[in-house]
Each structure stands twice: as C-alpha cells, then as structure tokens.
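Computed over heavy atoms, backbone and side chain alike; hydrogens, waters and symmetry mates excluded. These figures come from a predicted structure and were not determined experimentally.
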Amino acid sequence: KQFADEFAAAKRRKNLVDFHDVEHFALQILVDEETEKAKKTAEEFRDTFEEIMIDEYQDSNEVQETLLRSISREERGENNIFMVGDVKQSIYRFRLARPELFMKKYDYLIVGAGLFGAVFAYEAMKRGKTCLVIERRDHIAGNIYCETIEGIHVHKYGAHIFHTSNQEVWNYINQFAEFNNYINSPIAIYKDELYNLPFNMNTFSKMWNIRTPQEAKDHIAQQIAALNITEPKNLEEQALSLVGTDVYEKLIKGYTEKQWGRSCTDLPSFIIKRLPLRFTYDNNYFNDLYQGIPIGGYNVLTERLFEKADVQTGVDFLEDKEKYLAMGETVIYTGAIDAFYDYALGKLEYRTVRFETEVLDTDNYQGVAVVNYTDRETPYTRVIEHKHFEFGTQKKTVISREYSTDWKEGMEPYYPVNDARNQELYQKYAALAEKEEKVIFGGRLGEYKYYDMDKVIEAALNQWEKMQR
C-alpha cells in the first residue's frame with residue numbers, strides 16, 4: 001500500500017496517468033462506489049450499445065470486468081456480451097489479468113445431467129439465468145437415459161416407471177412430455193412357480209389355493225404366530241415377523257440376498273420397515289394416483305428440460321475441479337459426495353447393477369415388462385423386456401438381465417448402503433458440504449439417498465425455491 005500511495009503521488013506531481021488510472025476513472029464515471037450499482041451514465045450506454053464484443057478477453061481483470069458488466073444488459077436478463085480469447089495465451093499478469101474470468105460466465109454450473117440437474121436448470125433458465133451443464137457420460141438424462149435398439153426405447157440403466165401421488169409434480173412433468181398409461185404389474189418366478197406382484201390376493205390365491213381375503217390373513221397370521229419372533233435381530237427375522245414363512249421363502253429371501261450380496265441373517269432388520277400386503281385382487285405395483293412412461297422415452301423429457309442450457313458431455317468435473325468451480329457463480333453438484341472430497345474421510349458404500357442386454361428374434365419374450373427371479377440359484381435378479389413399457393409392436397424384442405453386485409471405484413453407483421456405518425460417514429461429509437459457500441449438493445449421489453423420480457423433481461424444485469429466499 002505504501003508503494004502504491006507513493007507511486008500515485010509521484011504521478012500526480014508529474015501530471016501523468018497510466019492504464020490503471022484510466023480504468024479507475026472510468027469506474028468512477030460508471031459505478032457508484034458505495035452501492036456498487038450502475039450510474040445513469042452506464043444506463044445510457046446500455047441503451048446505446050446493442051452488443052459488446054471483446055477481443056483478448058483472457059487478459060481482462062476484475063476492474064475491467066466490472067466496467068463491462070456495468071454497461072451490459074445482463075441485469076435486464078439479456079446476454080449481449082460476446083468474448084473471444086484463449087486462457088492459455090494470457091500475458092498481462094502485471095496488469096492483474098485474471099484469465100479464469102473468461103471461464104466464469106454462468107450463473108450456475110450444474111455437475112451431472114440427471115433429473116435433479118435438469119429440473120434445476122430449467123427453473124433457473126426460465127428466470128433468465130445462465131447454466132452450463134457438464135456430464136461425465138456421453139449423454140444427458142443420467143440413469144433414466146434410453147437408447148434406441150430395433151426401434152425400442154431401452155432403459156439403459158434399468159427399469160424406470162414414473163409414479164407419484166403429488167399432483168403438482170405430475171402437472172409439472174407433463175409440461176415436457178406426454179405420458180402413456182403404463183401400469184407396473186411385475187411377475188415373480190420362484191423355481192417353477194409363477195406369482196403376481198406386489199403381494200396381493202392373486203399371489204395368495206396361487207400360493208395357497210384360496211379365494212378370500214380372510215383365508216389369506218389367517219394363513220399369514222398362523223405362520224407369524226408359529227415363529228414367535230418378538231424382537232427381530234436381522235432382516236430375515238424382520239421379514240418373517242411381517243409376512244410369515246411362505247411369502248418370505250419364495251418371494252423375498254433369494255431376491256434380497258442377490259440384491260445385497262449377503263445372507264438375510266447378516267443384514268440389519270431396519271432395511272425392511274414394512275412389507276405391504278394387499279388383500280385385494282390388484283396387480284398394480286404402485287399405490288400412486290399417477291403413473292406412466294413418457295411417450296418416446298425419457299430422453300424426450302430431459303431434452304426439453306435442458307433445451308436452453310449449454311451442455312457438455314464427456315466432461316469429468318473431478319479431473320479439474322478448481323477450473324470448473326470457477327466457471328459458475330454457484331455450483332449444483334449431483335455427483336458422489338465422497339468423490340467430491342476425494343474420499344478424504346473414507347469411501348461410502350453402494351450396490352451397483354450390471355446388465356446383459358440382448359436382441360431376440362421374437363416379438364414377445366415374457367409377456368410383461370418386468371419379471372423378478374426370486375430364487376437364490378438364478379444369478380440375475382430380474383429380466384426387463386423394454387418394448388412393453390410403451391406397448392411396442394416391433395418384430396424383435398430387447399431384454400436386459402440385471403445382476404446386482406458390490407460397487408467398486410470406476411463402476412456406476414446405484415443404491416446407497418443404508419447401514420449405521422455409512423450413514424455416520426455420510427453425516428461427516430454432509431457437515432463439510434454445509435460449509436461450502438458456492439456449492440450445493442443434490443440428488444441421489446450428492447445426498448447419498450435413494451430417490452424415486454417424483455421425489456427428485458420435488459427436491460430440485462424445493463432447492464430452487466430455498467435459494468431464492
């Protein structure tokens with residue numbers, strides 16, 4: 001400061017001004033020093049200049065940035081600044097040039113092009129904000145992405161059926177895509193036996209050769225009473241105490257052990273809080289008021305949501321985190337929270353899914369979209385026949401066999417492991433996230449939380465509203 005004061009005094013004695021002085025004289029003319037608001041002069045320039053074109057922008061500094069923004073129409077929701085430059089060629093460090101300003105041109109940087117990021121981006125852009133979306137994969141839409149094979153929209157990352165009882169969310173999502181009337185009515189195969197899901201009177205009638213709800217209730221009650229489990233010590237005992245022996249052994253045990261990769265006796269009881277039993281002849285898996293699949297697949301939906309955003313796929317945020325953090329005033333991060341912190345506190349655990357997708361030379365393989373294989377011996381958990389989601393009539397069909405497995409670094413994380421150790425570790429990461437000044441964590445991976453699609457939309461809308469308060 002002493003040098004700066006003496007240098008300024010020397011220039012005044014000799015009636016000299018340099019580039020630095022010219023910048024600050026312009027700043028005094030255009031911007032109020034106390035309020036940092038544009039003065040009337042700057043407003044007049046805004047009306048005068050339709051476009052502001054800047055060359056060699058990599059050599060701008062903070063003062064020049066303030067000058068340019070003061071005369072731009074940014075505050076009116078119009079982006080009329082156009083910049084050219086190359087950050088690698090910045091040569092004016094002695095003028096306090098900030099080449100990273102060239103990259104920091106978005107109100108929001110959104111990391112991850114899944115549903116949370118898509119809804120947030122749409123809400124921001126609807127209000128005149130600018131969004132850059134970067135996605136590690138080579139496509140948008142996250143895990144709801146569909147690829148077209150033989151004219152069939154294949155759910156690349158597993159079956160996704162949209163369902164909700166939230167009318168506001170249903171009305172919201174129908175702005176972007178028309179939904180069909182698909183109803184999820186999966187089948188379970190246990191060895192050579194076939195059952196309807198969810199557990200309902202069709203299931204019980206087949207299992208016990210009965211007809212009435214009371215008969216089903218009596219069967220289940222007798223089995224539960226015979227077990228005499230008062231305080232379940234593990235998942236197996238918890239499930240047995242809720243549904244009895246037959247339903248557990250045939251429809252829960254094997255499927256659950258394949259999902260988690262361990263015995264039900266080694267899984268904590270709290271994983272299953274309740275097992276819904278329906279004493280009606282109703283194969284609709286969901287109780288929600290609204291249900292369906294977007295006609296044309298989920299890509300239609302996410303393409304509409306991201307329509308006005310700048311989207312870059314094949315970009316890994318974590319490979320150059322500091323660079324990308326500088327590109328947005330606020331960062332919406334939907335990746336894995338532990339990866340953001342370079343696993344500094346340890347790695348959170350996930351289960352993941354491997355798919356074997358196959359084109360079959362038949363028009364109908366299994367007659368339903370979803371078939372669960374509930375015995376332990378069949379290596380896959382379920383088979384998806386994708387054409388049935390949209391009532392397809394193609395000559396061929398596409399199926400995907402799903403295999404559940406432990407997650408390892410480099411694999412796609414699917415389901416958080418909801419046990420005491422992982423929840424405790426997540427809370428430590430969440431405490432770090434709370435201290436971030438410009439980064440908001442959201443979505444399934446950012447919050448280490450399993451989300452249905454409607455809840456993701458609701459969470460993204462709530463996050464946007466929260467940030468506007």
Side-chain angles (χ1 to χ4, degrees), residues 4 8 11 17-87 89-110 120-134 305-312 323-332 437-440 463-469:
K11 286 190 290 183
V17 293
D18 62 14
F19 188 80
H20 174 80
D21 298 315
V22 173
E23 289 178 330
H24 282 79
F25 292 151
L27 195 64
Q28 292 171 23
I29 294 169
L30 297 172
V31 180
D32 186 284
E33 186 177 350
E34 291 184 6
T35 65
E36 297 184 354
K37 300 284 187 182
K39 290 183 178 179
K40 185 178 179 181
T41 310
E43 292 283 356
E44 290 174 357
F45 279 125
R46 289 179 185 178
D47 293 332
T48 302
F49 301 118
E50 291 293 325
E51 296 175 348
I52 302 170
M53 290 183 251
I54 311 156
D55 193 16
E56 303 294 345
Y57 187 71
Q58 75 273 5
D59 290 315
S60 288
N61 60 31
E62 291 281 9
V63 175
Q64 294 166 18
E65 178 74 0
T66 303
L67 293 172
L68 293 167
R69 287 185 178 275
S70 74
I71 64 172
S72 78
R73 296 177 181 175
E74 185 180 62
E75 289 183 3
R76 302 177 186 177
E78 298 178 40
N79 295 312
N80 67 330
I81 296 183
F82 301 89
M83 300 153 288
V84 176
D86 184 345
V87 294
Q89 295 182 12
S90 179
I91 60 174
Y92 290 115
R93 289 289 183 177
F94 66 92
R95 289 186 187 170
L96 303 180
R98 295 277 306 281
E100 63 268 29
L101 288 172
F102 191 34
M103 299 181 289
K104 190 177 178 180
K105 286 296 123 190
Y106 294 91
D107 295 304
Y108 295 99
L109 171 72
I110 298 172
F120 189 95
Y122 177 81
E123 291 301 307
M125 292 181 295
K126 188 168 72 173
R127 293 161 176 85
K129 303 297 183 181
T130 55
C131 294
L132 171 63
V133 182
I134 59 174
L305 286 163
F306 282 129
E307 204 165 36
K308 296 182 180 178
D310 289 344
V311 179
Q312 297 179 12
K323 167 188 166 183
Y324 292 117
L325 284 172
M327 294 175 75
E329 297 290 341
T330 302
V331 176
I332 307 299
E437 293 183 358
K438 63 178 286 184
V439 183
I440 305 296
Q463 183 62 61
W464 170 260
E465 291 299 328
K466 178 182 176 182
M467 291 171 66
Q468 308 317 304
R469 293 173 194 152

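Formation of a donor-acceptor pair under 3.5 Å by the K438 side chain with backbone atoms of G328 is found in this model. In this structure a side-chain-to-backbone donor-acceptor pair under 3.5 Å is missing from D47 to E44. The backbone N or O of D107 lies less than 3.5 Å from a partner atom in the side chain of T130, making a donor-acceptor pair. Between the side chain of R46 and the main chain of S70, a donor-acceptor pair closer than 3.5 Å is present.
Rounding to the nearest 0.5 Å gives a distance of 6.5 Å between CD1 of I52 and CG of L68. The CZ atom of R69 lies 12.0 Å from the CG atom of L67; values are rounded to the nearest 0.5 Å. The structure places OH of Y108 at 12.0 Å from CE of M125, a figure rounded to the nearest 0.5 Å. One distance of note links OG1 of T48 with CD of E43; it measures 11.0 Å at 0.5 Å rounding.
Sparse packing is recorded around NZ of K40, with 12 or fewer heavy atoms of other residues, nucleotides or ligands lying under 6.0 Å away. The 12-atom threshold is exceeded at CD of Q468, counting heavy atoms of other residues, nucleotides or ligands nearer than 6.0 Å. The environment of K11 atom NZ is dense: over 12 non-hydrogen atoms of other residues, nucleotides or ligands sit within 6.0 angstrom.
Here T35 pairs with D32 under the side-chain hydrogen bond (donor to acceptor under 3.5 Å, both in side chains) rule; sequence neighbours left out. Every residue two or more places apart in sequence or in another chain that forms a ring-ring contact (aromatic ring centres under 6.0 Å, His included) with F49 is listed here: F45.
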(message) Assess the residue pair F120 and I440 against the criterion (side-chain contact (heavy atoms from CB on, under 4.5 Å)); give the C-alpha distance rounded to whole Å, side-chain angles, the decisive distance to 0.1 Å, and a yes or no.
(response) CA-CA 11 Å; F120 189 95; I440 305 296; over 6 Å; no
(message) Apply side chain to side chain donor-acceptor pair (under 3.5 Å) to residues E23 and Q64 and explain how you reach the verdict.
(response) CA-CA 7 Å; E23 289 178 330; Q64 294 166 18; 2.4 Å; yes
(message) Does W464 form a side-chain contact (heavy atoms from CB on, under 4.5 Å) with K126? I'd like the steps, not just the answer.
(response) CA-CA 12 Å; W464 170 260; K126 188 168 72 173; over 6 Å; no
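Between I332 and M467 the shortest side-chain heavy-atom distance falls below 4.5 Å. Contact check for I134 versus L109: side-chain heavy atoms found under the 4.5 Å cut-off.
Closest of all the heavy-atom pairs between Y106 and C131 is CD2-C, 3.5 Å. Closest non-hydrogen pair, A42 versus L30, comes out as CB-O, 3.6 Å. Taking every heavy atom of both residues into account, K39 and V31 meet most closely at CE-O, 3.6 Å.
The pair R127-E123 counts as a salt bridge, with a side-chain nitrogen and a carboxylate oxygen less than 4.0 angstrom apart.
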